[in-house]
Number of protein chains: 2
Amino acid sequence: MDEPLKIENQLCFSIYALSKEFTKLYNLFLKDMNVTYPQYLVLLVLWEQNELTVKQLGENLLLDSGTLTPLLKRMEEADIVKRERSRDDERKVLVSLTNKGIDLKEKAEKIPVCLAEKIGLSPQEFQKKLDENRDLLSKILEAVES
Amino acid sequence: MDEPLKIENQLCFSIYALSKEFTKLYNLFLKDMNVTYPQYLVLLVLWEQNELTVKQLGENLLLDSGTLTPLLKRMEEADIVKRERSRDDERKVLVSLTNKGIDLKEKAEKIPVCLAEKIGLSPQEFQKKLDENRDLLSKILEAVES
DNA sequence: TATAATTTAATTGTGCACAATTAAAATTTA
DNA sequence: TAAATTTTAATTGTGCACAATTAAATTATA
């Protein structure tokens, strides 16, 4: 690399910009569901496993309670999730979907196809990018934690 | 793609997570310079061209004045940039480096090498990732704007 | 040259994102 | 079992990020 401080040569910036623009694109599709992108991520996890603690949600999404607590309160306010203290262990807060939250899945099903089409990525390219990103993420996580 | 709504199969999420963790890693290195990652991005641009309008900065970084104005005020407060209205065109605000801002470049020079080492990416891999991201970003930008 | 349209920043309001701290509950250990 | 430690969420405070609006200056146009 010739000029590492040139902004076009900054890998992190390219990922940062990509993330922001990708999120904007998603938000166009999510407007109809009345959720933000981070809220949609919570839904993705809950559609897979209907009840999780805040901690488990955070582990899935790499987010802490400082982010999740107010976000989940907004989702509770919108009646798409429930929050209740566990009786077994009063430290834990269990998050689960309401019927409204469950029903949103139907609308969400359409997003991935519409999106891939709009971007113009073949399934093969999509999968390749996904794998590459996973590789890099694990390297970065290792570096952050060490 | 078998289960497109599974979070591990979401390309946007992998990029979103990557961006956040990469930024955290940067912040470890930037602590010494007393700037945040977005502030560092402003410095990168200004080290290349010492005077730009807010608009031009925004075009380089894909950020709008709602983000940049308060960020630049904090950087002005920290005495690393100057902000002044253009005399030619009073709508424009010219942003430039102070001596302190110029001097920070020296510390920044070390970051890319330390970082690549910490992540464990060869220059070839680094370049490859960079190129791939640029490709995807241009596709996404096109999709967002259309 | 008055007026309409455009350009440029700033402002306002909402929603993350995270470091650091606090507080309560559960678990471990002396 | 009493005390220390750990776990779990919530809170506090700061800094983005962006949509929408406002306001001022410039440029285009009737």
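Protein chains get the first letters and strands the later ones, always in sequence-line order, with residue 1 at the start of each. Quick caveat: nothing in here was measured; it's all calculated off a predicted structure.
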Chemist: Take atom CG of B/Leu57 and atom C1' of C/dA10, then tell me their distance rounded to the nearest Å.
Modeler: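 In whole Å, C/dA10 C1' lies 15 Å from B/Leu57 CG.
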
Chemist: Measuring centre to centre across the rings, with the benzene-like ring taken for any Trp, is A/Tyr16 within less than 6.0 Å of B/Tyr37?
Modeler: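 Here the rings of B/Tyr37 and A/Tyr16 have centres that are less than 6.0 Å from each other.
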
Chemist: Pick base, sugar-phosphate or nothing for A/Thr53, based on heavy-atom distances below 4.0 Å to the nucleic acid.
Modeler: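 It contacts sugar-phosphate atoms only.
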
Chemist: With no hydrogens and no angle check, do the side chains of A/Tyr26 and A/Glu21 hold a donor and an acceptor under 3.5 Å apart?
Modeler: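 The criterion, which ignores hydrogens and geometry beyond distance, is not satisfied for A/Glu21 and A/Tyr26.
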
Chemist: Using modelled atom types only, decide if a donor and an acceptor are shared between the side chain of A/Asn27 and the backbone of A/Leu30 within a distance under 3.5 Å.
Modeler: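 Checked: no pair found.
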
Chemist: Please check the phosphate of D/dA10 (OP1 and OP2 only) for any side-chain N or O of A/Arg83 closer than 4.0 Å.
Modeler: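 Answer is yes, contact under 4.0 Å.
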
Chemist: Among residues 88-95 of chain A, which contact DNA chain C at a heavy-atom distance under 4.0 Å?
Modeler: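 Here the set is A/Asp88, A/Asp89, A/Glu90, A/Arg91.
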
Chemist: Using every non-hydrogen atom in the two residues, find where B/Leu5 and A/Leu44 come nearest and quote the distance to one decimal.
Modeler: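 Taking every non-hydrogen atom into account, O-CD2, 3.3 Å.
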
Chemist: Tell me: CG of A/Asn34 to P of C/dT14, nearest whole Å?
Modeler: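 That distance rounds to 15 Å.
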
Chemist: Mind checking whether B/Met33 and B/Leu28 sit in one hydrophobic cluster, side chains of I, L, V, M, F, W, Y counted as touching below 4.5 Å?
Modeler: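 Yes: a chain of side-chain contacts under 4.5 Å links B/Met33 to B/Leu28.
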
Chemist: When every nucleotide of nucleotides 15-21 of chain C is labelled 5' to 3' by its protein contacts under 4.0 Å (heavy atoms), B for base, S for sugar-phosphate only, - for none, what sequence of letters results?
Modeler: SSBBB--

Chemist: Working note: B/Lys129 + B/Glu125, criterion salt bridge (Lys or Arg N to Asp or Glu O under 4.0 Å); need CA distance, chi angles, decisive distance, verdict.
Modeler: CA-CA 6 Å; B/Lys129 299 244 173 249; B/Glu125 289 172 307; over 6 Å; no

Chemist: Would you mind checking if A/Glu77 and A/Lys73 are paired as a salt bridge, meaning a charged N to carboxylate O distance below 4.0 Å?
Modeler: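 Here A/Lys73 does not pair with A/Glu77 in a salt bridge, since their nearest N and O are not under 4.0 Å apart.
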
Chemist: Could you tell me if A/Gln127 and A/Asp131 have a donor-acceptor pair between their side chains, going purely by distance under 3.5 Å?
Modeler: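 Yes, because at least one side-chain N or O of A/Asp131 sits under 3.5 Å from a partner of the opposite role on A/Gln127.
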
Chemist: In whole angstroms, how far is the P atom of D/dT7 from the CD atom of A/Glu59?
Modeler: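 Answer to the nearest Å: 12 Å.
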
